[in-house]
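As structure tokens, the structure follows; a few thoughts come after it.
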There are 2 protein chains.
Amino acid sequence: MRPREFNHDDVLRIAFDQFWRKGVRGTQLSDIARDAGVQRGSLYNAFGSKEALFLCAYERYAGEYVSSLQKALGAGTLRERLTAFFDLTIKNFRSGSPPRGCPTTRGLMELTSVEGEGLDENGRKTFADLVARITDLVQEALSEGVERGEFNGDPETAALHIVTVTRGLAVLERAFGDEAQLRTIAAHTVDLVLGKKG
Amino acid sequence: MRPREFNHDDVLRIAFDQFWRKGVRGTQLSDIARDAGVQRGSLYNAFGSKEALFLCAYERYAGEYVSSLQKALGAGTLRERLTAFFDLTIKNFRSGSPPRGCPTTRGLMELTSVEGEGLDENGRKTFADLVARITDLVQEALSEGVERGEFNGDPETAALHIVTVTRGLAVLERAFGDEAQLRTIAAHTVDLVLGKKG
DNA sequence: CGCGTTCTTGACGCCATGTCAAATACTATT
DNA sequence: AATAGTATTTGACATGGCGTCAAGAACGCG
């Protein structure tokens with residue numbers, strides 16, 4: 001069989017970069033094909049559709065993202081962990097030039113626009129998985145905090161609340177683009193969850 | 001001059017309904033035209049473009065939405081007000097069949113996908129305005145709460161936090177579609193802001 | 001009663017997605 | 001080493017939606 005003439009991973013990286021910068025709708029497969037030095041048809045052959053390519057590229061990113069969050073949530077006091085978690089989240093929203101926003105939230109909203117259909121449901125599941133994985137990481141940190149007496153409350157509910165705030169931050173970033181505002185909200189959230197002095 | 005053969009407001013209602021159900025991308029102007037009994041060309045003549053029509057339809061909705069939130073935030077104890085605010089927010093996400101999600105968040109994410117361009121910036125501003133208006137309403141309720149001794153804290157920061165949670169709820173609704181989960185987070189947020197017993 | 005302005009109508013161009021068949025390049029088999 | 005088989009590449013094609021435009025239609029006004 002004839003071998004691929006392009007590197008699967010390179011294409012995913014290039015595609016993700018474009019999707020992140022221009023959105024799914026704003027990115028044309030011909031752009032990705034040009035940047036990757038590949039014919040459009042080859043992308044269809046390899047991935048099936050634009051949305052499938054996006055999901056592949058997205059999942060590749062999601063793995064890296066989750067492990068960086070895991071690292072942030074893994075060391076120090078609970079307050080330090082949560083602070084590092086929010087810092088990384090906000091930094092992620094505001095990296096690139098211009099700030100790129102949150103790929104997760106954007107992708108979810110873009111792909112689940114159409115009601116009740118195949119690929120959209122696929123996309124929804126993919127994004128829901130990521131949110132669930134992040135929630136689990138936060139919950140784990142909170143549970144360890146309970147054991148160490150740094151937190152008393154329900155880790156499950158608190159984790160949901162924290163993750164909800166991060167998704168909300170993604171929307172506010174998109175609406176206002178004000179990093180200081182995001183940091184204020186994040187710090188306030190940590191204070192609310194742990195108590196002012198923590 | 002020749003008079004319009006269609007009712008401006010009717011078209012906006014029909015358009016908004018479609019955009020809400022199927023998203024901006026998933027809605028075709030021909031659908032709206034058919035449902036409204038209007039030619040596609042007339043829509044272009046009246047509104048200019050698909051995205052402009054969406055923004056018109058959206059602004060029409062935003063006014064109604066904000067005033068319903070205002071009503072929810074205007075009576076009872078602070079706890080009752082915030083609870084009513086979250087109830088209405090969640091009910092709004094979950095109304096229709098299937099649940100339609102949050103038009104604000106969805107629209108924002110869909111329209112601001114492409115970086116740095118005219119209409120997208122327009123859309124961003126429109127949505128940012130709505131979020132700001134809602135934040136103001138919440139902040140006002142909190143300030144009144146401070147006067148009445150029902151809340152002590154910074155109304156501005158707390159309002160930002162609460163609105164951030166509502167935007168996050170919109171994302172979680174999209175991801176999981178679990179109304180009970182949304183209600184848990186909302187109740188938890190009210191407890192955090194006002195104190196458990198409030 | 002016509003004049004001008006605005007709205008309507010339907011055909012058109014454009015562009016992006018997605019499809020397909022033929023050509024191609026490699027592997028495995030004999 | 002030649003050949004059969006398989007997967008990939010390639011470029012042309014079909015489809016369909018957005019947006020444009022010129023010609024016609026309907027009304028207010030002089």
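Relative orientation of the A:Tyr65 and A:Tyr61 rings is parallel, given thresholds of 30° and 60° on the angle between their planes.
Boundaries of the chain B contact region on DNA chain D are D:dG17 to D:dG28, first to last in 5' to 3' order (nucleotide atom under 4.0 Å from a heavy atom).
Nucleic acid contact for B:Phe47: none, since no nucleic acid atom lies under 4.0 Å from a heavy atom of the residue.
Between B:Arg13 and B:Asp9 a salt bridge is recorded (basic side-chain N to carboxylate O distance below 4.0 Å). B:Arg133 and B:Asp136 are not joined by a salt bridge, as no carboxylate oxygen comes within less than 4.0 angstrom of a charged side-chain nitrogen.
One N or O on the side chain of B:Lys50 and one on the backbone of B:Val24 form a donor-acceptor pair closer than 3.5 Å.
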**Message:** Strictly under 4.0 angstrom, non-hydrogen atoms only: write out the protein contact profile of nucleotides 18-30 of chain C, one letter per nucleotide from the 5' end, B, S or -.
**Reply:** BB----BBBS---
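The aromatic ring centres of A:His188 and A:Phe86 sit 6.0 Å or more apart. Between B:Tyr58 and B:Phe19, a ring centre-to-centre spacing not shorter than 6.0 Å is recorded.
Nucleotide C:dG10 holds its C1' atom 7 Å from the CD atom of B:Gln39, rounded to whole Å. Atom CG in A:Asp31 sits about 13 Å away from atom P in C:dC15, given to the nearest Å. Protein atom CD of A:Gln18 is 13 Å distant from nucleotide atom P of C:dA16, rounded to whole Å.
Residue A:Gln28 places none of its side-chain N or O atoms closer than 4.0 Å to OP1 or OP2 of C:dC15.
A heavy-atom distance below 4.5 Å is found between the side chains of A:Arg94 and A:Leu182.
Taking the salt bridge (charged side-chain N to carboxylate O under 4.0 Å, His left out) definition, one finds that A:Arg183 meets it with A:Asp87, A:Glu179, sequence neighbours left out.
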